[in-house]
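Along the sequence shown, the residues carry numbers beginning at 1.
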Amino acid sequence: MDQLPGIACSLENKSILVTGSTGFLAKMFVEKVLRIQPNVKRLFLLLRVADAKSAQERLSNEVVGKELFRVLRQKHGECMDSFISDKVTPVAGDVTWENLGISDSNLLEEIWGEVDFIVHSAATTKFDERYDTALNINVLGAKHVLDFAKGCVKLQTLIHVSTAYAAGEKPGIILEKPFKMGETLNGKLSLDIMKELKIVEQGLQDLWAKRATKDEEKLAMKQLGLQRARLHGWPNTYVFTKAMGEMLLGQMRENVPLVIMRPTIVTSTYREPFPGWIEGFRTVDAMMTAYAKAKMTFWACGLEMIVDLIPGDMVVNSMVAAMVAHANQRKEFIYQVGSSRSNPIKGSRVHEYVHRYFSINNPFVDKKGNPIKIRKYAVLTSKHALQWYMLTRYMLPLKGLQVLNIASCRHFQHRYKELNRKIKYLMFLMKLYQPFLFFKGIFDDTNLEKLRMATFKNAADANTFCFDTKCIEWEDYLMNIHIPGALKYAIKS
Ligand SMILES: NC(=O)c1ccc[n+]([C@@H]2O[C@H](COP(=O)([O-])OP(=O)(O)OC[C@H]3O[C@@H](n4cnc5c(N)ncnc54)[C@H](OP(=O)(O)O)[C@@H]3O)[C@@H](O)[C@H]2O)c1
């Protein structure tokens, strides 16, 4: 890859359509563009609402009103509101609809005529999402964005944000290569997206015919998603539908310049706009909090496995660089954005830092202000150990309580029911997360490295658009940036 034209300069007087900007990643993208290129022409932000007034409200409350925009607000001072209204157009819509659900025909024409880049980040990221919802958003949503892109007369690049874990549970080096349409991860059956849509439709018809309640319908749709994902070799509905989204885009893109970004586990900002910003209560952080509150009786994670973490600002920097680098290149390109190849960190080190942070340096305090002592817990380093632990620590005692309950004429009925519910849920969560707790893959990032080298040739860009994970010192980042950031911005909120 040759030297890139100046990245920030390439955004001057350009317009970008962004989906998913009330979410974690796209919000950072919007902030970055507005901060480094105040002369960007316009950002059209597609927000999931019915009308322009609600779009404006969500823009104010859930995008620019966030702490993330603090630096930009300081930069523009009193002119911040006029800067935002000049540069940002909130657009009411929904990716599950054709034309992205944009009903204002004048606005639609304006966007088609004006947009130079599209960044599609909207998705449902719930591992066990209802299958109908996940197909609608992650698969048909991607198709609608592509169809929309085809109508944009000046379009230079379509960035589609996927996930590295669309690769499933593959061990070893996972290459930055596209999915083939119909490919499955277990090679058993071929995958037919139309058939998946029909299965969902039929499933819903059956549920409605049976007059299923809303809760029953939700549960059935969730179970259907997990069942279809596992049938084809994916561990959950989220990554399965993200993989299908990629397949559909690859097959239908014609000559749209398509770049697929596959981030790994996105963590708090490393440097920009300030270190430690994060939003949303994410898996790693949920484990951390449970740990800090001494609620965990075990810590499950392969100690030798590589935990692929990538700070959010680095993901965004790579997205902006890729968007400019691939402008008008009528090819599909894939980037895996992670750290497992270039700067791996093992599960044992993550465990050590979390332990040190919460049990020695910064213990949580209880209601009386006393430091919470981390009690002894089991460290489970393999799937087998986790399953054995679940059986002996939870399932067998539950069985015992069941027998006692029956023998005592249901004297322990309430306790049994409650424990049964909790243990079932824990087992469900463990099954859902197990593939990621003992993940044995390493994400190749050769393409990303080439992009980095191209960015590096311009000293200003190298600094403004840093996504060199080799510069991360994990102990410092986790202990001084990510954990405090997650506690301040994600967990407390
Ligand atoms: N965060 C990570 O660790 C991570 C890792 C790898 C890949 N990714 C990928 O990165 C992208 C962004 O993730 P994120 O963490 O920012 O997710 P997020 O915080 O859950 O945000 C998702 C965004 O998508 C929007 N959205 C969902 N359904 C929509 C619809 N039907 N129409 C329009 N907008 C819709 C949401 O809008 P509402 O506010 O209306 O719900 C929200 O703005 C996703 O594609 C995800 O797969 C994320």
Go through the side-chain N and O atoms of Thr19 and Ser121 and say whether any donor and acceptor fall under 3.5 Å apart.
no
Side-chain (Trp234) to main-chain (Ala166) donor-acceptor, under 3.5 angstrom
yes
What about Phe456 and Phe467, are their ring centers closer than 6.0 Å?
no
Between the main-chain N or O of Leu404 and the side-chain N or O of Tyr416, is there a donor-acceptor pair closer than 3.5 Å?
no
Decide whether a cation-pi geometry holds between Arg262 and Tyr335; the criteria are a distance under 6.0 Å from NZ or CZ to the six-membered ring centre and an angle within 45° of the ring axis.
no
Could you tell me whether a side-chain N or O of Asn136 sits under 3.5 Å from a main-chain N or O of Gly141, the two making a donor and an acceptor?
no
Between Thr269 (side chain) and Trp277 (backbone), is there a donor-acceptor pair under 3.5 Å?
yes
For the backbone of Arg130 and the side chain of Lys222, can you confirm whether one donor and one acceptor N or O come within less than 3.5 Å of each other?
no
Short side-chain donor-acceptor distance under 3.5 Å, Asp444 and Thr446
yes
Checking Tyr394 side chain against Leu419 main chain: does a donor-acceptor pair fall under 3.5 Å?
no
salt_bridge(Lys214, Glu217) N-O dist < 4.0 Å:
yes
Counting the benzene-type ring for Trp, do His144 and Trp97 have ring centres under 6.0 Å apart?
no
Identify the heavy atoms of Leu46 and Leu100 that sit nearest to each other, and give their distance.
CD1-O, 3.8 Å
Mind checking the CD-CD spacing from Glu279 to Glu62? Nearest 0.5 Å is all I need.
8.5 Å
Between Asn405 (side chain) and Phe412 (backbone), is there a donor-acceptor pair under 3.5 Å?
yes
Return the minimal non-hydrogen interatomic distance between Met323 and Thr157, and the atom names on each side.
O-OG1, 2.7 Å
Going by an N to O cut-off under 4.0 Å, is there a salt bridge joining Glu169 and Lys383?
yes
Output the distance between atom CG (Leu391) and atom NZ (Lys399), rounded to the nearest 0.5 Å.
11.0 Å
On the six-membered ring of Tyr425, is Arg421 placed so that its NZ or CZ lies under 6.0 angstrom from the centre and within 45° of the ring axis?
no
Give a yes or no answer on whether the side chain of Gln336 reaches the backbone of Ile174 with a donor-acceptor pair at less than 3.5 Å.
yes
Sidechain-backbone polar pair: Thr264 side chain, Asp308 backbone, donor-acceptor under 3.5 Å:
yes
Given side chains that start at C-beta, do those of Phe29 and Val320 come closer than 4.5 Å, heavy atoms only?
yes
Can you confirm if the aromatic rings of Phe298 and Tyr389 lie within a centre distance of less than 6.0 Å?
yes
Rounded to the nearest 0.5 Å, what separates atom OH in Tyr131 from atom OG1 in Thr241?
8.0 Å
For residues Glu246 and Ser162, is any side-chain donor paired with an opposing acceptor at under 3.5 Å?
yes
Could you check whether Phe443 and Phe439 have their ring centres less than 6.0 Å apart?
yes
Main-chain N/O of Glu449 paired to Asp445 side chain as donor or acceptor, under 3.5 Å
no
Under a 4.5 Å cut-off applied to non-hydrogen side-chain atoms, are Phe240 and Leu185 in contact?
no
